[in-house]
Undergrad: 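One structure, pasted below without further comment.
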Amino acid sequence: MRPPSSIVVLTGAGISAESGIDTFRDTDGIWSKVDFREVATPEGFAADPHKVHAFYNQRRAGLKGIKPNAAHFALARLEREFGGAFLLVTQNIDHLHEQAGSERLIHMHGELANSLCGNCGDRRLWDGDLSTDLPCRACGSRGRLRPDVVWFGEMPYQMERIYAALAGCDLFVAVGTSGTVYPAAGFIEEARAAGARTLELNLEPTEGTSRFSDAIHGKATEIVPAWVEKVLAG
Ligand code: OAD
Ligand code: ZN
């Protein structure tokens with residue numbers, strides 16, 4: 001098989017699972033304990049901002065001491081050593097990809113480390129907790145800061161750049177994602193329409209496995225480094 005010349009990788013919560021971050025839909029996942037409508041929708045935030053801040057403050061604090069794993073490092077190595085075009089798109093709001101050294105990276109669902117002002121749109125690094133009484137450091141308005149996390153019903157970031165990369169790729173790889181949340185779940189169809197080969201790397205088969213041309217199942221820390229090794233070996 002010809003080696004790829006342009007790769008798009010999509011990652012989800014499964015790549016961070018072995019670093020100690022809970023996934024969403026596995027048994028004991030986040031959405032088995034918390035109602036996503038209450039903490040991951042604009043309506044939930046309007047109804048109870050204290051609850052939403054508490055949820056994300058706890059998740060932000062929980063990232064302290066969490067480290068990237070072999071799968072994050074392998075994708076950073078792929079970016080450095082692969083000669084062709086490369087884009088890493090993550091649905092994750094943690095910073096493990098950049099901590100592992102990834103640079104050509106899009107956080108399509110936002111970043112837990114950032115605040116977003118609902119008044120002026122200012123996004124900036126926010127160390128510590130967010131609450132309803134803090135002023136925005138750009139426009140000064142109070143009570144409008146929220147986590148810079150894309151909620152259900154909102155448009156993910158940088159979709160034009162992502163679709164352009166998908167339209168030009170010849171290999172699309174989905175890592176550690178259940179493929180249930182759109183628009184990310186539709187990326188495989190975009191890549192297929194562009195004629196790309198498609199590969200699923202996940203702990204177990206997902207509902208969408210049959211849509212991929214290839215699938216490798218196992219722990220991300222094992223299957224991602226092994227796959228990267230193979231790609232770089234040509
Ligand atoms: P999910 O929790 O839906 O799926 C995680 C996937 O990772 C599952 O298919 C697991 O089988 C797999 N997995 C678990 N442990 C793994 C491991 N060690 N190695 C490899 N795979 C493993 O998480 P996402 O697909 O990321 O959005 O969820 C997508 C979006 O839904 C999230 O970004 C979030 C959530 O609601 C928003 O909050 C907007
Ligand atoms: Zn503002």
Side-chain angles (χ1 to χ4, degrees), residues 9-42 44-45 52 55-56 59 68-72 74-75 89-94 96-97 106-112 114-124 126 130 134-157 173-188 199-209 212 215-227:
V9 179
L10 170 71
T11 62
I15 197 168
S16 296
E18 290 166 80
S19 290
I21 300 178
D22 287 339
T23 60
F24 293 96
R25 292 173 187 80
D26 292 299
T27 322
D28 287 339
I30 294 171
W31 297 152
S32 73
K33 298 175 191 140
V34 188
D35 185 339
F36 78 88
R37 285 163 298 198
E38 291 180 4
V39 298
T41 62
F45 185 57
V52 175
F55 174 75
Y56 291 98
R59 294 195 64 196
N69 64 47
H72 299 101
L75 293 180
V89 181
T90 187
Q91 299 167 86
N92 299 343
I93 57 178
D94 63 55
L96 297 179
H97 281 306
I106 292 177
H107 276 279
M108 66 176 290
H109 287 169
E111 295 168 63
L112 196 46
N114 287 355
S115 63
L116 167 66
C117 176
N119 187 49
C120 72
D122 181 64
R123 300 165 72 194
R124 64 178 65 206
W126 194 277
L130 280 170
L134 294 165
C136 167
R137 287 178 191 155
C139 73
S141 70
R142 276 180 196 275
R144 300 297 307 276
L145 291 183
R146 55 172 274 186
D148 185 21
V149 170
V150 175
W151 288 327
F152 289 95
E154 296 181 324
M155 183 57 82
Y157 289 117
V173 187
V175 183
T177 175
S178 60
T180 45
V181 176
Y182 283 84
F187 290 173
I188 179 176
L199 170 65
E200 174 179 84
L201 299 177
N202 201 65
L203 185 61
E204 55 197 8
T206 63
E207 280 177 26
T209 298
F212 288 83
I216 301 169
H217 296 127
K219 289 180 175 177
T221 55
E222 293 168 8
I223 61 176
V224 178
W227 168 72

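As the structure lists them, so they are numbered: ligands from 1, and atoms in each ligand from 1.
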Undergrad: Show me which atoms of ligand 1 lie under 4.0 Å from any heavy atom of G176.
TA: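 By the 4.0 Å cutoff, the relevant atoms are 5 (C), 6 (C), 7 (O), 21 (N).
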Undergrad: Looking only at atom types and distance, does a side-chain atom of S32 sit under 3.5 Å from a main-chain N or O of G29, one as donor and one as acceptor?
TA: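 Yes, because the side chain of S32 sits within donor-acceptor range (under 3.5 Å) of the backbone of G29.
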Undergrad: Any idea how many protein N, O or S atoms are nearer than 2.8 Å to the Zn ion (ligand 2)?
TA: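 Protein heteroatoms (N, O, S) closer than 2.8 Å to the Zn ion (ligand 2) number 4.
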Undergrad: Do E154 side-chain atoms and W151 backbone N/O form a donor-acceptor pair below 3.5 Å?
TA: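 Present.
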Undergrad: Just which atoms of ligand 1 are under 4.0 Å from any heavy atom in K219?
TA: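 Those qualifying, in numeric order: 19 (N).
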Undergrad: Purely on distance, is any nitrogen or oxygen of A40 under 3.5 Å from one on ligand 1?
TA: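 No - when backbone and side-chain N and O of A40 are compared with those of ligand 1, no distance drops under 3.5 Å.
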Undergrad: Under the 3.5 angstrom rule, does the side chain of E18 hit a backbone N or O of T221 as a donor-acceptor pair?
TA: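 Yes, because the side chain of E18 sits within donor-acceptor range (under 3.5 Å) of the backbone of T221.
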Undergrad: What is the minimum heavy-atom distance between P225 and A74, and which atoms define it?
TA: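 Nearest pair, atom of P225 first, then A74: CA-CB, 3.7 Å.
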Undergrad: Backbone or side chain, does any N or O of R25 fall under 3.5 Å from an N or O of ligand 1?
TA: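 Yes; at least one N/O pair falls below 3.5 Å.
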Undergrad: Of all heavy-atom pairs between P135 and G140, which one has the smallest distance, and what is that distance?
TA: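 Smallest interatomic distance, heavy atoms only, reads CB-O, 3.8 Å.
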Undergrad: Sub-3.5 Å donor-acceptor pair from the side chain of N92 to the main-chain atoms of D94, do we have one?
TA: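 Side chain of N92 to backbone of D94, a donor-acceptor pair under 3.5 Å: no, none is there.
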Undergrad: So which heavy atom on I15 is nearest to which on H97, and how close?
TA: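 That closest heavy-atom pairing would be CD1-CE1, 3.9 Å.
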Undergrad: Under 4.0 Å, heavy-atom basis, I'd like to know which part of V150 is in contact with ligand 1: side chain, backbone, both or neither.
TA: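 For V150, the contact with ligand 1 is made by the backbone alone.
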Undergrad: Please check: side-chain N/O of Y56 versus main-chain N/O of D148, any donor-acceptor pairing under 3.5 Å?
TA: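 Between the backbone of D148 and the side chain of Y56 there is no qualifying donor-acceptor contact (under 3.5 Å).
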Undergrad: Please could you name the atoms of ligand 1 that E204 approaches to less than 4.0 Å, counting only its heavy atoms?
TA: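 Within the 4.0 Å cut-off of E204, ligand 1 contributes 11 (O).
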Undergrad: Between E18 and ligand 1, which part of the residue brings a heavy atom under 4.0 Å of the ligand: side chain, backbone, both or neither?
TA: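 Side chain only.
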Undergrad: Looking at V181, which atoms of ligand 1 are within less than 4.0 Å of one of its heavy atoms?
TA: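 Matching atoms, with element in brackets: 29 (C), 30 (C), 31 (O).
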Undergrad: Have a look at ligand 1 and work out which part of T177, if any, has a heavy atom under 4.0 Å from it: side chain, backbone, both or neither.
TA: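 Both backbone and side chain.
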Undergrad: G12 heavy atoms, cut-off 4.0 Å: which ligand 1 atoms fall inside?
TA: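 Answer, ordered by atom number: 26 (O).
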Undergrad: What I'd like to find out is whether the side chain of L75 reaches to under 4.5 Å of the side chain of W227, using heavy atoms alone.
TA: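 Yes, close enough: below the 4.5 Å cut-off.
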Undergrad: For W31, is at least one N or O under 3.5 Å away from an N or O on ligand 1?
TA: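 Min N/O separation from ligand 1 is below 3.5 Å for W31.
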Undergrad: With a heavy-atom distance limit of 4.0 Å, tell me whether H109 approaches ligand 1 through its side chain, its backbone, both, or neither.
TA: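 H109 to ligand 1: side-chain contact only, backbone stays beyond 4.0 Å.
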Undergrad: Out of R25, H217, E200, which residue meets the side-chain hydrogen bond (donor to acceptor under 3.5 Å, both in side chains) rule with T206?
TA: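 Exactly one candidate clears the test, E200.
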Undergrad: Report yes if some N/O of N92 lies less than 3.5 Å from some N/O of ligand 1; otherwise report no.
TA: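 No.
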Undergrad: For ligand 1, indicate whether the residue F152 contacts it via side chain, backbone, both or neither (heavy-atom separation under 4.0 Å).
TA: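 Near ligand 1, F152 shows its side chain, while the N, CA, C and O stay back.
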Undergrad: Among all protein heavy atoms, pick out the one at the shortest distance from atom 17 (C) of ligand 1; state its residue, atom name and that distance to 0.1 Å.
TA: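 Minimum-distance protein heavy atom for atom 17 (C) of ligand 1 reads G14 O, 3.4 Å.
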Undergrad: Ligand 1 versus W151, non-hydrogen atoms closer than 4.0 Å: side chain, backbone, both, neither?
TA: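 Neither part.
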Undergrad: Quick one: does N202's side chain have a donor or acceptor within less than 3.5 Å of a partner on S178's backbone?
TA: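 No, the answer is negative, given that no donor and acceptor are paired below the 3.5 Å cut-off.
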Undergrad: Report the part of S178 (side chain from C-beta onward, or backbone N, CA, C, O) that has a heavy atom under 4.0 Å from ligand 1; answer both or neither where that applies.
TA: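 The answer is both.
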Undergrad: Could you report the tightest heavy-atom contact between S141 and N119, atom names first, then the distance?
TA: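 That closest heavy-atom pairing would be OG-CB, 3.4 Å.
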Undergrad: Can you name the atoms of ligand 1, numbered from 1 with element, that are less than 4.0 Å from a heavy atom of A220?
TA: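 By the 4.0 Å cutoff, the relevant atoms are 17 (C), 19 (N), 20 (C).
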Undergrad: Among protein heavy atoms, which lies nearest atom 21 (N) of ligand 1, and at what distance?
TA: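 Of the protein heavy atoms, L203 N, 3.1 Å lies nearest.
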Undergrad: How close do I216 and I223 get, counting heavy atoms only, and between which atoms?
TA: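 Shortest heavy-atom separation between I216 and I223 comes out as O-CD1, 3.4 Å.
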Undergrad: Write down the atom of F212, the atom of L199, and the distance for their closest heavy-atom approach.
TA: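 Closest approach of F212 to L199, heavy atoms only: CD2-C, 3.4 Å.
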Undergrad: When you compare the side chain of Y157 with that of E111, does any pair of heavy atoms fall below 4.5 Å?
TA: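 E111 vs Y157: side chains apart.
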Undergrad: Nearest non-hydrogen atom to atom 8 (C) of ligand 1 belongs to which of V175, T23, N202?
TA: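 That would be N202.
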Undergrad: Output yes when the distance from some N or O of ligand 1 to some N or O of F24 is under 3.5 Å, and no in every other case.
TA: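 N/O-N/O distance under 3.5 Å: yes.
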Undergrad: Using a strict 4.0 Å cut-off to heavy atoms of A17, name the atoms of ligand 1 that fall inside it.
TA: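 Ligand 1 atoms under the 4.0 Å threshold to A17: 15 (N).
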Undergrad: Output yes when a side-chain donor or acceptor of T41 lies under 3.5 Å from a complementary backbone atom of G44, and no otherwise.
TA: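 Here the side-chain-to-backbone pair exists.
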